[in-house]
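The structure appears below as structure tokens.
Just so you know, these numbers use all the heavy atoms, side chains as well, and skip hydrogens, waters and symmetry mates.
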Amino acid sequence: MAQLSRRHVLAVGAGGALSASLGPSWLRRAAASEMPAEMHGISAFGDLKYPSDFHHFDYVNVDAPKGGTFSLIPAVRAYNQSYFTFSSLNAFILKGEGAQGMDLTFVSLMAHAGDEPDAMYGYAAKSVQISPDKLAYRYRIRPEARFHDGSKLTAHDVAFSINTLKEKGHPLIQLQMRDVKGAEALDDVTVVVNFAEKRARDVPLYAAGLPIFSKAYYATRPFDESSTDVPLGSGPYKVGRFEINRYIEFERVKDWWAADLPVCRGCNNFDIVRYEFYRDRDVAFEGFTGKNYLYREEFTSRIWATRYDFPAVKDGRVKREQVPDRTPSGGQGWFINTRRDKFKDVKIRDAMNCAFDFEWTNKTIMYGAYARTISPFQNSDLVAQGMPTAEELKLLEPYRGQVPDEVFGEPYVPPVTDGSGQDRTLLRKAQQLLQEAKLPVKDGKRLLPNGDVFTVEFLIEEPSFQPHHASFIKNLNTLGIEASLRLVDAVQHRARVEAFDFDVTVERISMTPTPGDSLRTYFTAQAAATKGSYNLAGVASPAIDALVEKAMAANTRDELTVACRAIDRVFRAGRYWVPQWNNTSHRLAYWDMFDHPEKLPRYQLSDYSSDVGERTLWWFDAAKAAKLDQAK
């Protein structure tokens with residue numbers, strides 16, 4: 001669910017300054033006879049499942065009733081959001097802790113289809129025309145589009161939003177908009193988004209999915225400041241009641257202008273969507289058992305295995321489902337901050353990998369519920385396997401001698417331990433690697449080349465994660481490394497991680513089925529130097545930078561797959577992290593007052609975007625709710 005400058009947004013916003021520098025676009029200059037056909041959708045490689053006259057997405061229930069409340073705790077986060085708190089209703093900048101669910105209050109040019117890897121269809125935009133060189137996208141805005149105050153949503157609002165986010169958005173937004181030159185409104189209903197040459201394949205998709213803000217609203221307000229003022233939106237919901245740090249509600253807009261669009265039919269069925277915030281996931285579980293919120297995706301195997309035996313589960317008032325995850329699970333792990341001198345030697349990072357006993361942790365702490373993660377592209381076709389193919393070697397050969405020789409062989413896979421919690425064979429290997437890195441032991445302490453004791457601090461924000469560190473820290477201590485765990489609150493954790501003020505921290509890389517420009521935010525030197533980016537390990541490899549460019553320039557899905565597998569080989573060889581684990585299914589629990597479509601979308605099953613997920617696809621079942629009340 002990742003920055004904005006702090007200069008005041010003037011009445012003209014970023015739009016005036018940027019669009020003036022764009023010059024006349026091809027679409028502005030083109031004669032009518034040269035104009036490309038209007039399209040109802042876009043995708044990375046041009047493939048679309050749904051025709052121009054489609055009525056609704058296949059996976060929705062168009063007859064779903066409206067009503068009821070859907071309440072949950074945060075399961076994903078983006079940009080400045082936190083799982084545990086919020087202090088601002090601006091969720092698209094660096095400053096403050098943005099409230100979960102704010103995306104529900106805005107529309108975008110186009111909306112994702114949950115059953116296609118990357119296709120998008122008309123939302124605020126009725127159609128799009130793409131220039132022959134694919135550097136200009138001309139959108140026609142729907143005349144019925146409205147903000148919640150009844151004012152028209154126009155092309156000027158779209159241009160303002162794109163240009164403002166490019167200049168003042170969260171650093172991750174700015175990074176992903178590097179190849180967006182800007183947007184210009186030709187009139188009230190026509191906006192052109194211009195892109196740089198050699199732009200990444202998915203940049204137009206990213207731009208088409210950005211929230212549209214009201215230019216008039218921000219004419220008298222700074223965009224890039226944390227605020228609890230309710231922004232003017234145009235989405236299916238508007239902000240209702242909220243209490244900072246505790247909860248926020250979103251109320252369905254009953255006369256919403258877009259309710260009958262093909263991308264919206266059967267969606268946004270709840271009258272209220274409410275997020276509850278807890279500082280501790282164990283405490284949050286108790287809140288669920290007490291019906292303080294109604295839906296929970298369970299991420300803790302211990303709780304799933306041992307604590308779903310409370311009366312409401314036994315008598316059927318709370319339902320449990322395990323839904324297979326057929327999407328890229330991404331990669332979760334301990335990311336090692338290579339910006340710090342003590343972690344720059346790959347042998348030291350390799351030794352740390354040898355010290356983690358996944359088999360013991362999975363068996364003892366996680367009830368054997370997880371599979372070992374090996375790649376940031378986990379659970380996808382982009383994971384490198386076996387020896388490099390000829391196509392992969394063609395991309396990798398220019399960097400022979402600059403990357404580890406391992407890159408040209410079998411990809412690195414974390415070692416399998418004996419499950420004892422202290423595998424002596426692997427610890428001996430770790431000892432040898434540390435000696436080769438010139439880190440001797442004196443008086444039982446591992447010393448750095450400058451004579452200082454080698455210390456490693458693990459930074460976390462969730463108390464429930466403490467047991468998973470114990471064995472790892474014990475093994476590092478056995479190696480003479482002074483390892484410790486630091487638990488901080490959510491606000492301090494985000495501040496430190498965004499400033500790269502940590503030794504090692506836990507994070508999850510989340511990949512889309514068709515990654516593109518987002519690869520920059522995880523793997524490139526530019527991201528390593530950008531505070532607030534997802535490149536927590538500080539990866540700054542010329543080879544990876546070049547391979548990322550190859551991936552973004554891929555013209556076919558096969559070319560993309562080859563480039564990502566090459567990236568995977570180099571990243572894994574660099575030992576930038578100690579990979580953890582992944583779940584092959586979604587573990588869902590909910591009070592039995594909901595129903596959902598029988599056919600759930602493959603690519604965005606859970607609540608990972610603004611237009612699909614439980615909060616938008618499920619619905620309230622009044623009969624079930626009445627039965628539940630009677631069973632109290």
Under 3.5 Å: donor-acceptor pair, side chain of [X], backbone of [Y]:
{"X": "Asn535", "Y": "Thr524", "answer": "yes"}
{"X": "Arg265", "Y": "His55", "answer": "yes"}
{"X": "Lys166", "Y": "Met177", "answer": "yes"}
{"X": "Tyr137", "Y": "Phe195", "answer": "no"}
{"X": "Arg140", "Y": "Thr190", "answer": "no"}
{"X": "Gln174", "Y": "Glu167", "answer": "yes"}
{"X": "Ser71", "Y": "Leu294", "answer": "yes"}
{"X": "Thr521", "Y": "Ser518", "answer": "yes"}
{"X": "His148", "Y": "Trp256", "answer": "no"}
{"X": "Thr616", "Y": "Asn268", "answer": "no"}

(request) Tell me, with the steps shown, if Arg279 and Thr85 meet side chain to side chain contact (heavy atoms under 4.5 Å, CB included). (result) CA-CA 7 Å; Arg279 296 294 181 128; Thr85 187; 3.9 Å; yes
(message) Could you walk me through whether Lys66 and Asn269 satisfy the side chain to side chain contact (heavy atoms under 4.5 Å, CB included) test, starting with their C-alpha distance in whole Å, then the side-chain angles of each, then the deciding distance to 0.1 Å, before giving a yes or no?
(response) CA-CA 5 Å; Lys66 306 293 186 184; Asn269 301 313; 2.9 Å; yes
Once you measure the plane-to-plane angle for [X] and [Y], does it fall in the parallel (<30°), tilted (30-60°) or perpendicular (>60°) bin?
{"X": "Phe594", "Y": "Phe270", "result": "perpendicular"}
{"X": "Trp618", "Y": "His596", "result": "tilted"}
{"X": "Phe277", "Y": "Phe86", "result": "tilted"}

(message) The test is salt bridge (Lys or Arg N to Asp or Glu O under 4.0 Å); show your working for Glu298 and Arg296 and say whether it passes.
(response) CA-CA 6 Å; Glu298 186 56 69; Arg296 176 181 175 92; 2.7 Å; yes
Is any side-chain heavy atom of [Y] closer than 4.5 Å to one of [X]?
{"X": "Met102", "Y": "Pro231", "result": "yes"}
{"X": "His156", "Y": "Val191", "result": "no"}
{"X": "Phe84", "Y": "His493", "result": "no"}
{"X": "Thr164", "Y": "Ile162", "result": "no"}
{"X": "Glu462", "Y": "Phe299", "result": "no"}
{"X": "Arg615", "Y": "Leu104", "result": "yes"}
{"X": "Cys267", "Y": "Val60", "result": "yes"}
{"X": "Met110", "Y": "Ile42", "result": "yes"}

Nearest atoms (heavy-atom pairs only) where [X] meets [Y]:
{"X": "Ala284", "Y": "Tyr293", "answer": "O-OH, 2.7 Å"}
{"X": "Tyr295", "Y": "Glu614", "answer": "OH-OE2, 2.7 Å"}
{"X": "Ala490", "Y": "Ser82", "answer": "CB-OG, 3.4 Å"}

(request) With sequence neighbours excluded, give me every salt bridge (Lys or Arg N to Asp or Glu O under 4.0 Å) pair touching residues 189-208. (result) none
Gap separating the [atom1] atom of [X] from the [atom2] atom of [Y], nearest 0.5 angstrom:
{"X": "Ser43", "Y": "Lys49", "atom1": "OG", "atom2": "NZ", "result": "13.5 Å"}
{"X": "Leu205", "Y": "Gln176", "atom1": "CG", "atom2": "CD", "result": "11.5 Å"}
{"X": "Thr530", "Y": "Glu498", "atom1": "OG1", "atom2": "CD", "result": "12.0 Å"}
{"X": "Phe250", "Y": "Asp271", "atom1": "CZ", "atom2": "CG", "result": "15.0 Å"}
{"X": "Arg138", "Y": "Asn194", "atom1": "CZ", "atom2": "CG", "result": "12.0 Å"}
{"X": "Glu243", "Y": "Ile248", "atom1": "CD", "atom2": "CD1", "result": "12.0 Å"}

(message) For Lys624, I'd like to know if atom NZ has over 12 heavy atoms of other residues, nucleotides or ligands within 6.0 Å.
(response) yes
(request) Identify the residue among Gln81, Glu97, Glu461 that makes a side chain to side chain donor-acceptor pair (under 3.5 Å) with Arg494. (result) Glu97
[X] bridged to [Y] by N-O distance under 4.0 Å:
{"X": "Asp115", "Y": "Lys599", "result": "no"}
{"X": "Lys215", "Y": "Asp157", "result": "no"}
{"X": "Asp118", "Y": "Arg557", "result": "yes"}
{"X": "Asp188", "Y": "Lys152", "result": "no"}

[X] and [Y] aromatic centres sub-6.0 Å:
{"X": "Phe57", "Y": "Tyr50", "value": "yes"}
{"X": "Phe106", "Y": "Phe213", "value": "yes"}
{"X": "Phe92", "Y": "Phe223", "value": "no"}

(message) Looking only at side-chain N and O atoms, does Ser151 offer a donor or acceptor that is under 3.5 Å from a partner on Asp149?
(response) yes
(request) Return the set of residues passing side chain to side chain contact (heavy atoms under 4.5 Å, CB included) with Arg241 (not counting sequence neighbours), or none when no residue passes. (result) Tyr247, Glu249, Arg274
(message) Among Ile141, Val128, Leu210, which residue satisfies the side-chain contact (heavy atoms from CB on, under 4.5 Å) criterion with Leu109?
(response) Ile141
